[in-house]
Amino acid sequence: MIVPSVRREWIWGLRSFLLLLLAGAYLALERGGNAYLQRLAILFLINLMLVVSLNLFTGFTGVFSLGHIGFMALGAYASAILTLPVNLKAVNLPDLPAPLASITLPFFPALILGGLIAAIVALLIGIPVLRLSGHFVAVATLGFLVITRVVLINAETFTRGTRTFAGVPPFTTMGWAALWALLNVYVAWRLKHSPLGLRLLAARDDPWGAKSVGVSIGRMRLIAFGISAFFTGIAGGLWAHFLTAFSPNAFYFSRTFEIIVMMIVGGMGSVTGSILGTLLVMASTEALRNLEPGFAIGSLTVGPLYGLSQIGLAVLLMLLMTFRRQGLLGDRELRLEAIAERLERWLERRKTALEAPRVRKADP
Amino acid sequence: MRPLRWIGLVLVFLLVTAACQPAAPPPAVTPTAPSASPPAGTPGGGAPIRIGAPFNLTGGMASIDVPAANGARLAAEEINAAGGVMGRPIELLIRDTKTDPATAATVVTQLIEQDKVVAVIGFNDSDYVLAAGPICQRAGIPFITVGATSPRLPGQVGDMLFLTPFGDNVQAAVGAEFAFEKFGKTAYLLWDKGAEYTTVLAKYFKERFTELGGTIVLEDTYQSGDKDFSAQIAKVKALPQQPDFYYISALPDDVGTIVKQFRNAGITGPIVGGDGYDTPLLIQVAGSAAENVFFTTHSLLTADSPNERVRKFVAAYKQKYGTEPEAVFAALGYDTVYVLAEAIRRAGSTDGQAIKQALENIRDFPAVTGVINYSPQSHIPQKGVTVIEVKGGKFTLAAERVPQKVPTP
């Protein structure tokens, strides 16, 4: 694509503005010391990873996965078992097999291992499951989620069963979360515009057409499934070291739906949409939650409205599904090129609008 | 892309149902509403003492967390009407954490960082205490859990954590000792492996019962939410001789169903359980099948109780909310605010360390759910346990006792 040089300047300007904005926001949060906002930021980054990686599979292939939170659970438990200090292991997990009981890994390798375990499991279950298509995959992956939960509850040696897994060191900082979220978004973006991504999108929009030109749909989907599960596992590890205590209940339907809602609001198949969707859903939930204890508008006082944030989110979703079924962005992306073009056009229009009356005045 | 619309519709439906679970606490004016006029008798001088009160007011825990929050609110209003603490009113910041540990952690951080609360009370389940507790611990803010009964919590969270109820090891020991003396030496043990509370309770019961010389003739498990217990019942019926009693460790939602199905199958012996049975659901669901059921709990909340503090609490609760306390957790919420107010009064300050030390020096504090004692070594009160028998379709007092020996947490 040939981009006019004036617009290229615009793009560079926008790009540096965006980067400065992000860096500024990061530093303000990091240095500002408001622990509440920091928590929200970390939670946003982790949710963003979950949404982007789910979108990386579901959005790019058109095959619905309801089992991704299972990968999150695997990453969370695997990394938490690996980083748990040895003395706590003796108390909390007394029956842990020998090599695991005596080692404690640093955060980074534990996270990677958690992600890899999720990815390997994804590849194993992906081979049979991805032979199915459409809604059947949704049901099969839902089955995976249920199985993961049953295994977590029964593998008491490793997970303490239904009892809370506590004492995980609080390693997840803003830096770690930002780093991984950036990497995740970058990988998803590159993947979408790579030959692999183009084949996935082609197979999604016209499976027979794609097959007829030699796209091996099964293998492409498996790769996307694996990458997606890896990042979901990493997000699980970050979440585990953020919350420090959790039980299998945390990785079930309610979290699954939360993530799917964010993905659908943003638009399936859109990376920038995922960012917008996560931001919109989290911001509106948090804003409504802050109104719940009661508020006043002028002289009108409203009492406590617990549950307001859930109802608000449901209404938002209903409106969105009625008026914009494809989500905020559909499967398109917010591109700097397009924004720059619009800005330019807008400025031009303003210029002509400013000049036009002057011309007309000079006429008579 | 048609399927998406359907998936969207399904999601909307699910969200709406999730949001419509028993949420609505009574339309009481919370002290947080900015322009709410202060109740009569509110002490004039001094900025309010802010106490954070996170509860799961919506979602799966709501049936016991809403009464707990109501009890706490009632106590705060009574204290303020009587002149507050150190001449300052108490401001209870009740927040909904949506039965989600991540929300619990966020809410508690916000309460400490933005609302500058001096102490936090709340929650009836250890999942939420373990998510929120470490944040209070790091900030040096005392945290009293209203109803989480795991005796390991103080060890897991740290020295800023206190419990209002007794630990599960205490109630399991009382259950074992009571049943051993009253019913006999053989027991059947069934527990829900889908929850921490039921698993731990069964474990402590077994430990204490076998230590006493009892024998568990059969052990079995199920999952929370199971609706059909015929497999477990078939195994019980196949026993050559029926045990003296049946100890069933269950969550409030399942208690009624289990009892009903056991009775329908012709099992008439005494059924014994823990404070999960303390729900109106037991008699509502099981009906006359609930006769001959015994359970350990924090207190028997009836309007004609011989205990004056209980009578007063039940009357005040009924007057404010138009119903008798729905669950014993209402009384625990009430007690928590009173014990915290007492500690702040004794500390004469709102400093976290001072409040913690004052709490550790609370001795023989008369509460609705028993006498509360804390010490630097134990942040779990050594309270008496109430044993309730279902008789004539009502909860009646069977015993009030202290365990002879308590299994180590």
Side-chain angles (χ1 to χ4, degrees), chain A residues 34-40 43 62 64 91-92 134-135 138 153-154 160-164 166-167 170 239 242-247 249-250 253-255 257 260-261 264 268 286 289-290 292-296 299 301-304 306-314 317-318 320-321 325-326, chain B residues 1 3-5 7-9 11-12 14-16 18-21 23-25 27-30 32-36 57-59 93-96 98-103 105-107 109-110 112-114 126-127 130-131 133-135 139 150 155-157 193-196 198-200 223-224:
Chain A
N34 184 333
Y36 165 60
L37 290 179
Q38 277 176 5
R39 275 198 92 82
L40 284 183
L43 211 54
F64 223 91
V91 181
N92 286 347
H135 301 96
I153 287 176
N154 286 288
R160 307 192 76 228
T162 52
R163 287 177 290 156
T164 311
W239 192 84
F242 171 61
L243 209 62
T244 72
F246 50 88
S247 69
N249 288 339
F253 294 140
S254 60
R255 180 140 289 110
F257 292 126
I260 290 177
V261 165
I264 289 181
M268 278 177 59
E286 197 57 22
R289 198 185 60 69
N290 275 309
E292 283 180 357
F295 56 95
S299 60
T301 313
V302 182
Y306 299 113
L308 182 70
S309 65
Q310 291 104 311
I311 293 172
L313 190 62
L317 206 61
M318 260 194 269
L320 204 75
M321 286 300 113
R325 193 156 53 89
Q326 70 273 42
Chain B
M1 297 291 264
L4 272 188
R5 174 178 272 178
I7 290 166
L9 277 175
L11 284 174
V12 168
L14 284 168
L15 275 168
V16 170
C20 288
Q21 276 176 359
V29 182
T30 46
T32 44
S35 66
L57 300 174
T58 55
L93 305 178
I94 297 176
R95 296 286 183 271
D96 178 19
K98 313 192 182 304
T99 312
D100 174 35
T103 308
T106 307
V107 166
T109 310
Q110 190 185 21
I112 294 173
E113 288 282 323
Q114 290 194 339
S126 50
D127 265 8
L130 285 169
I135 295 165
S150 167
Q156 287 168 318
V157 174
K193 46 187 303 194
E196 159 120 24
T198 46
T199 312
V200 172
Q223 276 286 340
S224 352

| task | Determine whether the side chains of A:N290 and B:Q110 contain a donor N or O and an acceptor N or O closer than 3.5 Å. | result | yes
Which distance, rounded to the nearest 0.5 Å, do you find between the [atom1] of [X] and the [atom2] of [Y]?
X      : Y      : atom1 : atom2 : value
A:T164 : B:D127 : OG1   : CG    : 3.5 Å
B:Q223 : A:N154 : CD    : CG    : 7.0 Å
B:T58  : A:E292 : OG1   : CD    : 7.0 Å

Could you tell me which portion of [X] (side chain, backbone, both or neither) has an atom closer than 4.5 angstrom to a non-hydrogen atom of chain A?
X      : value
B:T199 : side chain
B:I112 : neither
B:T198 : neither
B:V200 : side chain

| When heavy-atom pairs shorter than 4.5 Å are enumerated against chain B, which of A:L43, A:T244, A:N34 gives the highest number? |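 The candidate making the most pairs under 4.5 Å is A:N34.
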| task | Find the one option among A:L243, A:L320, A:I153, A:N249 whose heavy-atom pairs under 4.5 Å with chain B are most numerous. | result |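 The residue among A:L243, A:L320, A:I153, A:N249 with the greatest pair count is A:L243.
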[X] vs [Y] side-chain heavy atoms within contact, under 4.5 Å:
X      : Y      : result
A:R289 : B:V107 : yes
A:T162 : B:K193 : no
A:S309 : B:K98  : yes

Is it the side chain or the backbone of [X] that comes within 4.5 Å of chain B heavy atoms, both, or neither?
X      : answer
A:A166 : side chain
A:L40  : side chain
A:Q38  : neither

| query | Between the main-chain N or O of B:I94 and the side-chain N or O of A:Y306, is there a donor-acceptor pair closer than 3.5 Å? | reply |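 At least one qualifying donor-acceptor pair exists.
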| message | Just to verify, what does B:E113 make a salt bridge (charged side-chain N to carboxylate O under 4.0 Å, His left out) with, not counting sequence neighbours? | response | none
| message | List the residues meeting salt bridge (charged side-chain N to carboxylate O under 4.0 Å, His left out) with A:R255, not counting sequence neighbours, and say none if there are none. | response | B:D100
| Shortest non-hydrogen contact between B:A131 and A:A245, atoms and distance |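 Closest heavy-atom pair between B:A131 and A:A245: N-CB, 4.3 Å.
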